[in-house]
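Here is the structure we will look at, set down as structure tokens.
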Amino acid sequence: MEARPSRLTAKTILVTGAGRGIGRAIANSLAAEGADLILSGRNLDRLHQTADAISEAGARAHVFQADIGEEDQVLDLFRHIQSRFPRLDVLVNNAGIGEYGPLAEFPTDAFDRIMRVNLRGTFLCCREAMRLMLPQKAGNIINISSVVGFKGYPNQSAYAASKHAIMGLTKALAVEAQPHGIRVSAVLPGGVDTDLVAESRPDLDRACLIAPEDIAETVLFLLTLSDRAAVDQIFIRRTNSTPFP
Ligand SMILES: NC(=O)c1ccc[n+]([C@@H]2O[C@H](COP(=O)([O-])OP(=O)(O)OC[C@H]3O[C@@H](n4cnc5c(N)ncnc54)[C@H](OP(=O)(O)O)[C@@H]3O)[C@@H](O)[C@H]2O)c1
């Protein structure tokens, strides 16, 4: 049997928050399909661990440290991309944080921290990616939202608000970008086995959580559709949760 050709060869893909969790799994999976990965995040050691694993598997990965909540750092990241790569094919806005607690006791600075990363960071990366993708007349932006971008859970009001806001941003940008050949979609997972969920849902049995690799497969699916098909949003839930939430 002939080997299947790599499906993302010669694609340049930026993944934010690629040092661990879902972002690392997405980076590994896309690199295995031949893409050139740009791995971004704050923690350089973890980014280099992801990059080393990708290189050992025979693919290419470049590391760039950036806090997506800081405009200067996002501008530096995209200037770096523009200077080193002929184009940017895909942005996966994965980086995100959560802080949890009853709303009546929730500190304002925790609310601001969440919004700074999840909403402002996603906005900044979308804007800079659009500036590169518009002249190309092609591109894909995938925003990792959450099941709480659709529904609510107790003690997650600020996190849920940030993920609902990402949905608003994604919907408007998808309409705006489509005439320019740019597809924008959202992935809405619930309960993935990472550090973030260990903190937000300590009640969940880890054995029942979705694997980060499942989210990576979903992103790969979105990126390997034909140019004639667009998927706006995908919900991915634990098989022991309620269908059609
Ligand atoms: N786990 C779940 O059940 C679940 C469900 C739905 C949605 N999500 C979403 O999936 C995404 C990934 O989450 P995860 O579960 O993989 O969490 P995680 O293991 O905590 O990873 C979060 C990632 O975001 C990066 N990050 C955080 N703040 C950043 C900042 N200011 N600038 C740049 N990078 C930053 C972190 O890298 P550094 O620390 O190196 O900066 C890390 O790589 C998040 O958007 C999260 O909301 C997760």
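Atoms within each ligand, like the ligands themselves, are counted from 1 in listed order. Computed over heavy atoms, backbone and side chain alike; hydrogens, waters and symmetry mates excluded.
R201 pairs by the salt bridge (Lys or Arg N to Asp or Glu O under 4.0 Å) definition with D203, not counting sequence neighbours. E128 is linked by a side-chain contact (heavy atoms from CB on, under 4.5 Å) to V74, L75, F78, R131, counting only residues two or more places apart in sequence or in another chain.
Under the 4.5 Å side-chain criterion, counting only non-hydrogen atoms from C-beta, N155 is in contact with P102.
Smallest separation of non-hydrogen atoms from N93 and C125: OD1-CB, 3.2 Å.
Note on R238 versus D205: no salt bridge recorded, every NZ/NE/NH1/NH2 to OD/OE distance being 4.0 Å or above.
Within 4.0 Å of ligand 1, counting heavy atoms only, the contacting residues are G17, G19, R20, G21, I22, G41, R42, N43, R46, A66, D67, I68, N94, A95, G96, I97, V117, I144, S145, S146, Y159, K163, P189, G191, V192, T194, D195, L196, V197.
Pairs engaging residues 35-46 under the salt bridge (Lys or Arg N to Asp or Glu O under 4.0 Å) rule: D36-R60 [sequence neighbours left out].
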